[in-house]
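All chains are named by letter (A, B, ...) in the order of the sequence lines, taking the proteins before the strands, and each is independently numbered beginning at 1.
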Protein chains: 2
Amino acid sequence: MRKSGRPTMKDVAKLSEVDVSVVSRVLSSDPKLAITDETRDRVLAAVAELDYRPNRTARALRTSRSGLIAFVLPQKTSEVYFRLVAGAAGQCTELGYQLVVAGINEPEKQLRDYESAGIDGVLIAAGGLDDDELQRWAGSNLPVVAVNRSTDLLPTACDLDYFTASSLAGKHLKDLGHTRPAVLSGPWSQPGSDQRLTGLCEELGVNSDELTAVSSHGIGAAAGYEAGIRLADQLDGETAIFVTTISLAFGLLKALSERGISVPDDVSVLSLHDEELANFTSPALTTIAMPTEQLGATAVSQLLNAIEGRDTPQVVVNDAPVLVARQSTAPASSHQSATHAP
Amino acid sequence: MRKSGRPTMKDVAKLSEVDVSVVSRVLSSDPKLAITDETRDRVLAAVAELDYRPNRTARALRTSRSGLIAFVLPQKTSEVYFRLVAGAAGQCTELGYQLVVAGINEPEKQLRDYESAGIDGVLIAAGGLDDDELQRWAGSNLPVVAVNRSTDLLPTACDLDYFTASSLAGKHLKDLGHTRPAVLSGPWSQPGSDQRLTGLCEELGVNSDELTAVSSHGIGAAAGYEAGIRLADQLDGETAIFVTTISLAFGLLKALSERGISVPDDVSVLSLHDEELANFTSPALTTIAMPTEQLGATAVSQLLNAIEGRDTPQVVVNDAPVLVARQSTAPASSHQSATHAP
DNA sequence: ATGAAAGCGCTAACAG
DNA sequence: CTGTTAGCGCTTTCAT
């Protein structure tokens, strides 16, 4: 065992000629501590002089609070998760926590590892999980909050406002004269119960099962391409395609171009989530930008609330989504047609 | 203070009727422990029965080893870093460590935070750091290893084999008849000393300062676009463009298309690093795929070596890069010309 | 082959 | 207002 060599509280106590307990109380600004300014200053001076920093491990052992939280992510992931992590990491830094990340594994095993490691709570990126798997994250002594998914399998969940987002999408399409868009969605979406569609349908006054819809088998561009080909072949006069997550849209654009369907002349494309690359596709992609980093940050706050035993709203809605109109959407016009030679 | 309620070593000791020290030694498979199989079995049985898991915090306090390592990332980041983290995280799980992530901040402050938190060592994504900043990461008691950058400012550094990668690029271009490619590189690249160019130049038999080169002001597609416009306007008969990192290439493609330069008819484009989206640009991008996840994993191993005081090679080269030929490169032919009307 | 005992550095009653 | 004390759960000499 290497001695760390760093000064301990005892050193500070000695130098400032008080007891360690006083140092401890000064440093944690114990509210019910009455102390002369003189003494406090002496302690603080000693802390500064020795360049003392508390040993968080010792503190953790004593208080059973490590200041560590974990974020569990899908093994196959995408830009969206990255932004989530960035938001969460920033908030952690802000609040003096450390963020541990790991790919998702067996929930039970992973949770027990985290308990063993003294992790205070865990964030689970639940966007792609089915109920069964999510359920398995619930049976733990640790506070667990679901991120990017609404659910009541867990006491706390944070999600983006997909209803508003899809309403925005619907409104934009309606304004352009598109009345019955086709839908390209991710693998977990269940048409009809999918909140990413309700706003759209409401705005357009259609029923979700009237729409031509295709589900992808994954969340990457390749999955979007594959599903996009299927969708292209199924198009029946639709003048627009609504995509529920952006990476799919990148693949779709390619599929459409291969099928000789021109965007936005033959069909408009509009996707949820925004990212820098949307500016650089051809044509540049119209999107609904979602506050993804915000979601990450909020999830951290919620988890800390749960850890402290404070109130934790079941669902948290963040900043409003915003439409970013680029070149992939255009007015529907009578000469439009998505039909084409095979 | 909440009692955790989990069984401790004492409970195991009691149940198996031995001393805690014996339990400890059994569990850490102390090599110089002589023990009857009978006793060991009793201990193990108790461990199983109580579902005992060691308290890593207590262990950490005792051994000054937390089992935590940190990965410090740029605030503005890209897909490449994500892959790095994925690789590192996987390796950590493999080896029983936890990976803490954070955006880069003030090195001194961050390092002291990490010391205070008991972090065992830190990985710094140094690809975009200048020497001064990197230097500031060196002055710490913690082992620090630079990732994605070769340097001798730190005792340990891990990097990809950019020499081989750029040789591969050079060879591919030469095979196609391109002799004097233009270069689009990231902000930190210093032409001439840049290892991402040496292999290319060697293969092509040119001097790096003979090449038309433009540096971007960032690492995203937007930066690539901006620099791409500048480069397009500077093109002087070049039949190919070599890009040192892929996100820039996405922007470049757009810039070229706006300038009416057709890829690959007018100019071929070839980029370092591969990602899924390279399949979905138009045209699909030819790349040199680098073992980025591997780098993340190797960096972790190196850091653990450093932590254990074992040997740490200054530079680690991983799996070989591989050429992924797609549609953005084509043979140079006499009718090619990058000149164009403004 | 096993047990006793001393702490790692910190916190939180409880005394004084 | 400040000091004493008793651990948190574990590892590790040193005894036996």
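The phosphate of dG9(C) (OP1 or OP2) has no side-chain N or O of S24(A) nearer than 4.0 angstrom. Note on T57(A): every side-chain N or O is 4.0 Å or more away from OP1 and OP2 of dG9(D). Taking only side-chain nitrogens and oxygens, S64(B) never comes nearer than 4.0 Å to OP1 or OP2 of dC8(C).
In this structure, D120(A) CG and I307(A) CD1 are separated by 5.0 Å, a value rounded to the nearest 0.5 Å. One finds the CG atom of L129(A) at 12.0 Å from the CD atom of Q135(A) (value rounded to the nearest 0.5 Å).
Rounded to whole Å, atom C1' of dC8(D) lies 10 Å from atom NZ of K10(B). Taking atom CZ of R59(B) as the reference point, atom P of dC8(D) lies 18 Å away to the nearest angstrom. Distance, N55(A) CG to dT11(C) C1': 13 Å, rounded to whole Å. R6(B) places its CZ atom 13 Å from the C1' atom of dC10(D), with the value rounded to the nearest Å. Residue Y52(A) contributes atom OH, which lies 7 Å from atom C1' of dG9(C) at whole-angstrom precision. One interatomic measurement links the two molecules: CG of D37(B) to P of dA1(C), which rounds to 11 Å at whole-angstrom precision. To the nearest angstrom, P of dC10(C) lies 19 Å from CZ of R65(A). Put simply, CZ on R25(B) is 15 Å from P on dC10(D), counting in whole angstrom units.
Looking at the side chain of T63(A), the nearest of the listed nucleotides dC10(D), dT2(D), dT11(C) is dT11(C).
The main-chain N or O of G118(A) is found under 3.5 Å from a side-chain atom of S66(A) such that the two form a donor-acceptor pair. Put simply, the side chain of Q110(B) gets close to the backbone of G103(B): a donor and an acceptor are under 3.5 Å apart.
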List, one per line, each side-chain donor-acceptor pair under 3.5 Å for residues 69-81 of chain B, sequence neighbours excluded.
unit_1 : atom_1 : unit_2  : atom_2 : d
Q75(B) : NE2    : I104(B) : O      : 2.7
S78(B) : OG     : V80(B)  : N      : 3.4

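Here S28(B) lies out of heavy-atom contact (under 4.0 Å) with every strand.
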Polar atom pairs (N or O), protein with nucleotides 5-7 of chain C, under 3.5 Å:
unit_1 : atom_1 : unit_2 : atom_2 : d
dG7(C) : N2     : R62(B) : NH1    : 2.8

| query | Would T36(B) and T39(B) satisfy side chain to side chain donor-acceptor pair (under 3.5 Å), going step by step from the backbone distance to the final call? | reply | CA-CA 5 Å; T36(B) 52; T39(B) 313; 2.4 Å; yes

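Looking at heavy atoms from C-beta onward, V147(A) lies out of side-chain contact with I124(A) at the 4.5 angstrom threshold.
Nearest-nucleotide mapping onto DNA chain C: of V18(B) and A58(B), the residue sitting toward the 5' end is V18(B).
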